[in-house]
Amino acid sequence: MNLVMTILLITTALSLILAIVSFWLPQMTPDAEKLSPYECGFDPLGSARLPFSLRFFLVAILFLLFDLEIALLLPLPWGNQLPNPTDTFMLAAAILILLTLGLIYEWTQGGLEWAE
């Protein structure tokens, strides 16, 4: 019981010290860029009809696609406990092959190059 109380006391004290230091440490000097509600690089007060690069959205979609790949492959380690684990590994391999082929296609078409 003494060890549990010591650990609780240390963690509580450390949390309080870190919380107090976090209020003292930062410098409160906001500038116009920090106060701007937009962080995408577009001028929020300018015209909404300005052209923008679609490559930005391509990179965002690729990020979401590979993020989804991680979510689809997350249950893969538990595939060993299934009656037929080779089915799970074959499906995972199919997902990886499909995404790899899509990435190669985007790369060969020049969709991932910023400068032309």
Side-chain angles (χ1 to χ4, degrees):
M1 188 68 179
N2 193 12
L3 180 64
V4 173
M5 290 302 292
T6 304
I7 291 173
L8 284 176
L9 182 67
I10 290 172
T11 56
T12 305
L14 186 62
S15 299
L16 286 173
I17 289 171
L18 289 175
I20 291 170
V21 167
S22 71
F23 282 113
W24 285 337
L25 197 58
Q27 298 175 357
M28 300 296 182
T29 55
D31 56 358
E33 306 220 345
K34 288 183 182 178
L35 293 175
S36 174
Y38 299 104
E39 297 178 0
C40 61
F42 300 122
D43 183 19
L45 302 176
S47 173
R49 304 285 183 219
L50 293 175
F52 54 90
S53 175
L54 289 176
R55 294 185 191 273
F56 172 78
F57 294 103
L58 175 68
V59 170
I61 288 172
L62 284 174
F63 174 76
L64 289 175
L65 183 67
F66 286 104
D67 197 33
L68 180 64
E69 171 196 358
I70 293 170
L72 289 174
L73 296 178
L74 186 62
L76 187 60
W78 291 279
N80 287 333
Q81 286 81 25
L82 293 175
N84 195 2
T86 56
D87 290 342
T88 305
F89 293 127
M90 292 301 283
L91 288 172
I95 290 172
L96 287 174
I97 289 170
L98 184 66
L99 286 173
T100 304
L101 289 175
L103 181 64
I104 290 170
Y105 176 75
E106 282 289 329
W107 199 332
T108 57
Q109 294 297 317
L112 298 177
E113 295 181 16
W114 290 99
E116 295 182 12

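Atoms considered below: every heavy atom in the structure, side chains included; atoms not considered: hydrogens, waters and symmetry mates.
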May I ask you to decide if A19's main-chain N or O and S22's side chain share a donor-acceptor pair within less than 3.5 Å? yes
Using the test side-chain hydrogen bond (donor to acceptor under 3.5 Å, both in side chains), find all partners of T86 that sit at least two apart in sequence or belong to another chain. N84
Evaluate side chain to side chain contact (heavy atoms under 4.5 Å, CB included) for T6 paired with N2, printing each intermediate quantity in order. CA-CA 6 Å; T6 304; N2 193 12; 3.7 Å; yes
Which value, rounded to the nearest 0.5 Å, describes the distance between L8 atom CG and L3 atom CG? 9.5 Å
With rounding to the nearest 0.5 angstrom, report the CG to CG distance, L25 to L18. 11.0 Å
In this structure, would I95 and M90 fall into the same cluster of hydrophobic residues linked by side-chain contacts under 4.5 Å? no
Nearest-0.5 Å distance, CG of residue L73 to CG of residue L91: 10.5 Å
Could you go through the side chain to side chain contact (heavy atoms under 4.5 Å, CB included) check for L65 and L103 one step at a time? CA-CA 10 Å; L65 183 67; L103 181 64; over 6 Å; no
With a 4.5 Å cut-off on side-chain heavy atoms, are I97 and L101 touching? yes
So if you build clusters from Ile, Leu, Val, Met, Phe, Trp, Tyr with side-chain heavy-atom gaps below 4.5 Å, do L98 and F89 land together? no
What distance separates L16 CG from T11 OG1, expressed to the nearest 0.5 Å? 9.5 Å
Tracing side-chain contacts under 4.5 Å among Ile, Leu, Val, Met, Phe, Trp and Tyr outward from L82 reaches none
